[in-house]
Amino acid sequence: MLLDREAEPAPVRAVHLGLGGFHRAHQAWYTAADPEWGIAAYTFRSTELPAALTAQGGMYSLLVRGADDPVRTVGSLSRAHAGAEADQWLADLAAPEVAVVTLTATEAAYRVPPPGRDSAISRLVAGLRARFRASAAPITLVPCDNVPDNGAVLRSVLREAAADGDAAFAAWLEAGVLVVSTVVDRITPATTPADVRVVHELSGIRDAVPVVTEPYAEWLLAGDFPGGRPRWERAGARLVDSVDDYQRRKLWLLNGAHSLLAYAGPGRGRGTVREAMDDPVLAGLVESWWDTAARHLPLPAAELDEYRAALRRRFAAPGVEHRLRQIAVDGSQKIPARVLPVLHRERGAGRLPEAAVVVLAAWIAHFRGGDVHDPRSADLVPAARSGARAVLAALDADLASDDELIAAIDAEVPGTAGDELSGVRAGGPPPATPWQVVATDCRGCPASLA
Ligand SMILES: NC(=O)c1ccc[n+]([C@@H]2O[C@H](COP(=O)([O-])OP(=O)(O)OC[C@H]3O[C@@H](n4cnc5c(N)ncnc54)[C@H](O)[C@@H]3O)[C@@H](O)[C@H]2O)c1
Ligand SMILES: O=P(O)(O)OC[C@@H](O)[C@@H](O)[C@H](O)[C@H](O)CO
């Protein structure tokens with residue numbers, strides 16, 4: 001059976017930039033709960049995905065691993081476009097009936113582009129300028145990337161990117177463009193050919209571009225929607241006064257653990273989050289990281305325990321094969337949000353947290369090992385050859401001047417500390433099982449994981 005629409009798609013009242021797996025597992029799935037809202041979704045570059053979706057009438061299958069009825073069909077994408085369709089993009093952003101723009105553009109996109117450079121931000125500015133000229137109806141932007149204070153960051157980047165002396169546009173940008181802050185959560189790995197086959201086996205549907213995700217989904221939003229919005233709360237989204245504590249909880253506990261596993265896991269022969277959590281040493285490090293980060297989260301202990309228990313289940317869930325290589329991409333954009341804020345607080349309290357030391361050592365080993373995908377690889381790969389101080393100097397001057405921390409990280413990087421457990425590891429809680437139990441080839445591991 002091929003996917004196609006039986007009825008007309010909903011009118012386009014929302015636009016998305018960064019059409020990929022996560023948008024379809026999350027925002028488009030939430031929007032499907034309100035049939036009065038349709039989305040026009042744009043990739044950044046890909047032409048294949050919008051072509052495949054258009055051939056299916058914008059419909060796609062969501063394979064929710066672990067759910068009773070695992071294959072759902074989602075129809076909220078009224079149109080799918082390639083990023084190169086600039087005229088359509090400008091027309092959609094200018095349309096007065098469009099009231100919401102969601103964005104998933106990766107962490108790296110949240111910066112002011114050099115003049116003339118095509119980027120998510122330059123496209124947003126061009127679209128908003130078109131709206132200012134055409135209708136100037138207010139519009140709300142909804143950043144959905146794992147960026148701390150994503151609303152405030154997007155607002156400030158847009159303000160700077162749009163500063164070209166047009167005072168009327170600048171004034172409208174302040175008054176007519178609202179930017180909400182969000183916490184977004186639903187583990188959504190890249191789709192594989194095996195997923196395409198599974199969707200067909202389970203449902204009989206031949207979908208060229210399904211999405212695989214987990215049953216869990218969270219969306220917290222803080223901000224205003226003067227032009228209206230889909231009734232996302234029908235699918236469980238929550239409008240809150242502030243997302244700050246929840247943003248930190250998610251970035252530190254979930255994403256911080258992901259980054260730890262992404263860099264420490266491959267050296268222990270683990271390729272996915274589930275495989276890594278099956279390794280008692282890595283699972284013990286994750287617990288140690290959670291103990292450390294939880295100290296700095298002003299949320300009730302019972303709530304944090306429940307969150308951790310859910311993360312253990314989610315990370316170990318069969319079928320959601322989240323590849324560590326995918327998570328390891330762009331570490332320079334992620335480590336400062338996921339690990340360094342906790343490390344700062346710990347050092348302020350005079351502690352040297354072992355899991356933070358290990359993740360930084362493993363990240364340095366990752367830079368030394370090749371296969372690096374990072375917008376800052378030109379400076380960080382050579383820095384990693386020099387050691388922890390040079391890497392941290394590129395990210396955080398305070399931490400780079402912390403001699404005790406630098407020595408601990410350098411001692412963990414392979415080739416500098418031999419196979420013995422480092423002082424950091426020896427001083428921490430005992431691992432869940434003896435180190436020697438896991439007989440993997442640990443070339444490239446931090447010393448305490450070897
Ligand atoms: N996958 C998840 O589990 C998950 C969960 C929470 C948040 N997110 C956020 O969503 C983002 C996208 O994840 P995904 O799984 O959909 O990835 P994906 O690779 O499936 O899609 C990424 C989309 O972003 C676009 N993009 C990539 N680089 C860009 C750039 N520099 N500027 C503008 N657009 C760009 C791509 O063209 C593509 O349309 C992540 O970077 C993350 O911030 C993902
Ligand atoms: O999507 P990224 O690249 O920001 O980070 C990789 C994962 O940590 C991330 O996708 C999580 O799975 C997600 O944030 C869960 O909601």
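Both backbone and side-chain heavy atoms feed into the values below; hydrogens, waters and symmetry mates do not. Here the structure is a predicted model, which means the values were calculated and not measured. Both ligands and their constituent atoms are indexed starting at 1 by order of listing.
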| request: Number the atoms of ligand 1 from 1 as they appear, then name those within less than 4.0 Å of a heavy atom of Thr104, with their elements. | output: 10 (O), 24 (O)
| Does any donor atom in the side chain of Ser259 or Arg338 lie under 3.5 Å from an acceptor atom in the other side chain? | yes
| field | Residue and atom name of the nearest protein heavy atom (relative to atom 9 (C) of ligand 2), distance in Å to one decimal | value | Asn255 ND2, 3.6 Å
| said: Pair Lys250, Leu253 - check side chain to side chain contact (heavy atoms under 4.5 Å, CB included), show working. | reply: CA-CA 5 Å; Lys250 196 252 171 175; Leu253 299 185; over 6 Å; no
| said: Looking at Trp29, I'd like to know if the NZ or CZ of Arg186 sits under 6.0 Å from its six-membered ring centre while staying within 45 degrees of the ring's axis. | reply: yes
| Thr73-Ser61 side chain donor-acceptor pair, cut-off 3.5 Å | no
| remark: Closest to atom 1 (N) of ligand 1 by heavy-atom distance, out of Asp330, Thr188, Val329, Thr191, is Thr188
| field | Salt bridge present between Arg79 and Asp92 (N-O < 4.0 angstrom) | value | yes
| message | Checking the N or O distance criterion of under 3.5 Å, is ligand 1 in contact with Thr43? | response | no
| Does ligand 2 have any atom sitting under 4.0 Å from a heavy atom of Lys250? | yes
| task | Would you verify that at least one protein heavy atom lies under 4.0 Å from atom 21 (O) of ligand 1, or report that none does? | result | yes
| Cation over ring, Arg123 on Phe44, under 6.0 Å and within 45°? | yes
| In the protein, which heavy atom is nearest to atom 40 (C) of ligand 1, and how far is it? | Asp145 OD1, 3.8 Å
| request: Taking only heavy atoms of Arg186 into account, list the atoms of ligand 1 that are under 4.0 Å away from them. | output: 2 (C), 3 (O), 5 (C)
| Which protein heavy atom lies closest to atom 41 (O) of ligand 1, and at what distance to 0.1 Å? | Thr106 CA, 3.2 Å
| Right, does atom 3 (O) of ligand 1 have protein non-hydrogen atoms nearer than 4.0 Å? | yes
| message | I'd like to know whether the aromatic ring centres of Phe225 and Trp232 sit less than 6.0 Å apart in this structure. | response | yes
| field | atom 3 (O) of ligand 2 - nearest protein heavy atom and its distance | value | Lys334 NZ, 2.7 Å
| remark: re atom 8 (O) of ligand 2, the protein heavy-atom contact at minimum distance is His258 ND1, 2.8 Å
| Closer than 4.0 angstrom: is that true for some heavy atom of Pro189 and an atom of ligand 1? | no
| field | Contact check: Arg314 vs ligand 2, nitrogen or oxygen atoms, below 3.5 angstrom | value | no
| field | Check ion pair Arg325-Asp371 (N to O, under 4.0 angstrom) | value | yes
| query | Any heavy atom of Arg338 sitting closer than 4.0 Å to ligand 2? | reply | yes
| note | The protein heavy atom nearest to atom 44 (C) of ligand 1 is Phe22 CG, 3.4 Å
| message | Just by distance, no angles: are the side chains of Tyr110 and Asp145 close enough, under 3.5 Å, to form a donor-acceptor pair? | response | yes
| remark: For Leu19, the atoms of ligand 1 under 4.0 Å from one of its heavy atoms are 38 (C), 39 (O)
| said: Please report whether ligand 1 has a polar contact with Cys144, defined as an N or O pair separated by less than 3.5 Å (distance criterion only). | reply: no
| task | Check each atom of ligand 2 against the heavy atoms of Ile187 and keep those under 4.0 Å away; list them by number with element. | result | 12 (O), 15 (C)
| request: Tell me whether the guanidinium CZ or amine NZ of Arg24 lies under 6.0 angstrom from the six-membered ring centre of Tyr60 and within 45° of its axis. | output: yes
| query | Is Glu218 in contact with ligand 2, taking contact as a heavy-atom separation below 4.0 Å? | reply | no
| field | Numbered atoms and elements of ligand 1 in range of Asn146, under 4.0 angstrom, heavy atoms | value | 6 (C), 7 (C), 8 (N), 42 (C), 43 (O)
| query | Between Asn146 and ligand 2, which residue portion shows a heavy-atom distance shorter than 4.0 Å: side chain, backbone, both, or neither? | reply | side chain
| field | ligand 1 atoms in contact with Ile187 (distance to a heavy atom under 4.0 Å) | value | 3 (O)
| task | For ligand 2, indicate whether the residue Gln326 contacts it via side chain, backbone, both or neither (heavy-atom separation under 4.0 Å). | result | neither
| Considering residues at least two apart in sequence or located in another chain, which fulfil the side-chain contact (heavy atoms from CB on, under 4.5 Å) criterion with Asp244? | Asp149, Ser242, Arg248
| Centroid-centroid distance, Phe315 to His258, less than 6.0 Å | yes
| Sub-6.0 Å ring centroid separation between His81 and Trp89 | no
| request: Using a strict cut-off of 4.0 Å, indicate which atoms of ligand 1 neighbour a heavy atom of Ala120. | output: 32 (N), 33 (C)
| request: Take His16 and Thr102, measure what side chain to side chain donor-acceptor pair (under 3.5 Å) needs, and give me the verdict at the end. | output: CA-CA 5 Å; His16 181 76; Thr102 52; 2.7 Å; yes
| Got the closest protein heavy atom to atom 33 (C) of ligand 1, with its distance? | Phe44 CD1, 3.3 Å
| Would one find more than 12 heavy atoms of other residues, nucleotides or ligands at under 6.0 Å from atom CG of Asp224? | no
| request: Could you tell me whether some N/O pair between Arg186 and ligand 2 is separated by less than 3.5 angstrom? | output: yes
| note | The protein heavy atom nearest to atom 15 (C) of ligand 2 is Asp185 OD1, 3.2 Å
| query | Is the Lys NZ or Arg CZ of Arg249 less than 6.0 Å from the centre of Tyr246's six-membered ring, within 45° of the axis? | reply | no
| said: Run the side chain to side chain contact (heavy atoms under 4.5 Å, CB included) test on Val196 and Asp207 for me, step by step, so that the C-alpha distance in whole Å, both residues' side-chain angles and the decisive distance to 0.1 Å come before the verdict. | reply: CA-CA 7 Å; Val196 174; Asp207 184 340; over 6 Å; no
| request: Please determine, by modelled atom types, if Arg206 and Gln56 share a side-chain donor-acceptor pair under 3.5 angstrom. | output: no
| query | To the nearest 0.1 Å, how far is atom 23 (C) of ligand 1 from its closest protein heavy atom, and which atom is that? | reply | Gly18 O, 3.6 Å
| What atoms of ligand 2 come within less than 4.0 Å of a heavy atom belonging to Glu107? | 2 (P), 4 (O)
| field | Protein contact for atom 6 (C) of ligand 1 (heavy atom, distance under 4.0 Å) | value | yes
| query | Side chain or backbone of His26 under 4.0 Å from ligand 1, or both, or neither, by non-hydrogen atoms? | reply | neither
| request: List the closest protein heavy-atom neighbour of atom 32 (N) of ligand 1: residue, atom name, distance to the nearest 0.1 Å. | output: Ala105 O, 3.6 Å
| query | Which residue and non-hydrogen atom of the protein lie closest to atom 17 (O) of ligand 1, and at what distance in Å? | reply | Gly21 N, 4.6 Å
| request: For Asp195 and Thr192, test the side chains for any donor-to-acceptor distance below 3.5 angstrom and give the result as yes or no. | output: yes
